[in-house]
Amino acid sequence: MVCRFSTKLLNICISSFCKVRQLEKAEAIIIDGIRLGVLPDVVTYNTLVAAYTRFVGIDAAYSVLHRMREAGINPDVITYNSLIAGATKHCLLSRSLDLFEEMLHMGIPPNVWSYNTLMHCFFKSGKPDEANRVFRDIILSNISPCPSTFNVMINGLCKNGYTANALMLFRNLQRHGFTPKIVTYNILINGLCKSGRLGAARTILKELGESGLMPNAITYTTVMKCCFRSRQFEQGLEVFLEMKEKGYTFDAFAYCTVIGALVKTGRINEANECMDQMIRNGIELDIVSYNTLINLYCKEGKLEAACNLLDEIEKGGMECDKYTHTILIDGLCKAGNIEGAERHLKYMNMMGFDSNLVAFNCFLDGLCKAGEVDYAMKLFESMELTDSFTYSSLVHNLCRARRFHSASKLLLSCLRGGMKILRSAQRAVLDGLRSSGFTREARKLHSKIRLAKIFHY
DNA sequence: ATAGGGTTAG
């Protein structure tokens, strides 16, 4: 009895240390406990697995699982759900599936949480059909769905382009005996907004107002972002003011949204003021905040400050992400430092950020602008992944170099790949061909573009 | 133990 109570205390201690990322201290307490005869139990290890998953990585968490087994404690459904969640967070679908399989193999029956997480993983990996199958299994089997099941589903449908289905499911929630929560509204408003259905987003926002639920900081940030997306800047800034009054600017999310919008519209001074405000208010800067700051430096032409900040971040032990590198590569290109951009592109690849399409697109455009169109075309041919940005940029730049036939060929291969291309890029090719006397080619190209449109839209 | 908001290019 005494021992059980002690283990409970031990677990409370460990949970507290894990919450503030002090994993070494948590481990030390376990050792102290064992010395005093207080043995860790399944809860102890589950707490550790969750913490390692969140702060270190899935492999570190998996090694806790081994230690757990060695200590003679059997993992349970919570252990596996944590691990599956960790794999999902890093978009490791096959890892999630393996863990699910392993759980079944161990004779541990999965619960709704396991299925919710698996569904989320399928959605995140761009496999909505598989996610739908899991959802159908939940509904048709004897596992009862929980409110999160519907939230995961509505979110996944939105993110995979099925906003109409998401809206339908939302409308049917009551029939399943569930009332939407603030999370549900946030998911839906965000999804509708990102897919350009602003009218529908506004309707849901109005319904949220009538529901009696309190909008939270996430709701506000979402709505603010919607304003910026639809170019209603002043309205967006008003939302930001309201957030500050309500005390909803306690983290970096709202600040980064506003600074990003200000930078994009060239309001650099205001962006700087906002950044200062965030720092003055003692908000802890995470990697996204640093990315926003590096972007601000780049747009101001302070490339040296941007590079130095990146070094500092890495020295400080925080991990830069693909955004950090891409922002800097674009900044270097725009400042005319192609060599520097290429060096950083190589560095980025060395750091394991390969196939970063946006970074390559920035570099391609930079090369062209620096007059290295041939080098850009060579690089383009070696790229395994391209998108409408790649083609629009190259076509534009080929036209600038008055290489209209190459531009025309590239434009057609883009359309053949079923990709969209900027209308202005199409115009540039057609106008270029006409003005240099190739009226027949221009007419032929025009009719091909029209046909492609009929089949793709 | 799972789900919702922020940063990049033409």
Side-chain angles (χ1 to χ4, degrees), chain A residues 46-47 49-50 53-54 76-86 88-89 111-121 123-124 146-156 158-159 181-191 193-194 216-226 228 243 248 251-261 263-264 278 286-296 298 321-331 333-334 356-366 368-369 387-397 420-422 424-425:
Chain A
N46 283 348
T47 312
V49 167
T53 300
R54 181 168 309 158
D76 61 7
V77 63
I78 296 178
T79 324
Y80 275 98
N81 285 352
S82 286
L83 289 166
I84 296 172
T88 299
K89 199 174 168 186
N111 60 16
V112 215
W113 305 62
S114 328
Y115 285 103
N116 289 348
T117 313
L118 197 62
M119 222 166 65
H120 184 215
C121 197
F123 273 129
K124 245 186 125 171
C146 68
S148 313
T149 311
F150 295 102
N151 290 334
V152 170
M153 195 62 196
I154 292 172
N155 182 44
C158 283
K159 296 262 157 75
K181 297 201 171 58
I182 189 65
V183 190
T184 325
Y185 281 101
N186 290 345
I187 288 169
L188 206 54
I189 292 167
N190 187 37
C193 203
K194 291 248 166 79
N216 59 15
I218 297 180
T219 323
Y220 275 89
T221 318
T222 306
V223 170
M224 183 166 69
K225 178 80 185 161
C226 287
F228 292 138
M243 284 187 81
Y248 281 161
D251 61 19
F253 280 81
Y255 284 103
C256 289
T257 312
V258 172
I259 296 165
V263 169
K264 202 161 270 171
M278 167 160 76
D286 59 6
I287 190 60
V288 179
S289 321
Y290 280 118
N291 291 344
T292 308
L293 182 53
I294 291 177
N295 190 36
L296 182 53
C298 287
D321 61 9
K322 62 175 182 180
Y323 287 87
T324 328
H325 298 298
T326 308
I327 289 165
L328 191 63
I329 287 166
D330 187 53
C333 284
K334 295 263 165 36
N356 181 350
L357 182 55
V358 182
F360 271 94
N361 284 344
C362 292
F363 184 59
L364 273 188
D365 194 63
C368 291
K369 296 266 155 54
D387 67 356
S388 100
F389 277 84
T390 325
Y391 281 95
S392 296
S393 163
L394 280 177
V395 168
H396 257 304
N397 282 302
K420 287 185 193 171
I421 188 159
L422 270 189
S424 62

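Every chain is numbered from 1, with letters handed out A, B, ... down the list of sequences.
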>> So for Ser393(A) and dG10(B), does any side-chain atom that can act as donor or acceptor lie under 3.5 Å from a complementary atom in the base?
In response: no

> Where do Ser289(A) and Ala252(A) come nearest, in terms of heavy atoms and distance?
Replying inline: OG-CB, 3.3 Å

> Less than 3.5 Å between a donor and an acceptor, one on the side chain of Asp387(A) and one on the base of dG10(B), is that the case here?
Replying inline: no

> Counting only side-chain N and O atoms of Lys225(A), is one of them less than 4.0 Å from OP1 or OP2 of dT7(B)?
Replying inline: yes

> Can you check the Asn356(A) CG to dT8(B) C1' distance for me, whole Å?
Replying inline: 8 Å

> CG of Asn361(A) versus P of dT8(B): gap in Å, rounded?
Replying inline: 15 Å

> Given atom CZ of Phe228(A) and atom C1' of dT8(B), what is their separation to the nearest angstrom?
Replying inline: 18 Å

>> It should be established whether Lys194(A) places a side-chain nitrogen or oxygen under 4.0 Å from OP1 or OP2 of nucleotide dG6(B).
In response: yes

> Is Asn155(A) near enough to dG4(B) that one of its side-chain N or O atoms lies under 4.0 angstrom from OP1 or OP2?
Replying inline: yes

> To the nearest angstrom, how far is Phe253(A) atom CZ from dG4(B) atom P?
Replying inline: 11 Å

>> Tell me the interatomic distance from Arg54(A), atom CZ, to dA1(B), atom P, rounded to whole angstroms.
In response: 8 Å

>> Is it the case that the side chains of Asn190(A) and Asn155(A) hold a donor-acceptor pair, with the cut-off being a distance below 3.5 Å and no angle test?
In response: no

>> Between P on dT2(B) and CE on Met119(A), what's the gap in Å once rounded to a whole number?
In response: 15 Å

> Rounding to a whole Å, what distance do you find between Leu293(A):CG and dG6(B):P?
Replying inline: 19 Å

> Just by distance, with hydrogens left out, do Asp387(A) and Asn361(A) show a side-chain donor and acceptor under 3.5 Å apart?
Replying inline: yes

> Between dG10(B) atom P and Asn397(A) atom CG, what is the distance in whole Å?
Replying inline: 10 Å

> Under 4.0 Å between a side-chain N/O of Asn190(A) and OP1 or OP2 of dG5(B), yes or no?
Replying inline: yes

> Taking SG to SG, are Cys226(A) and Cys193(A) separated by less than 2.5 Å?
Replying inline: yes

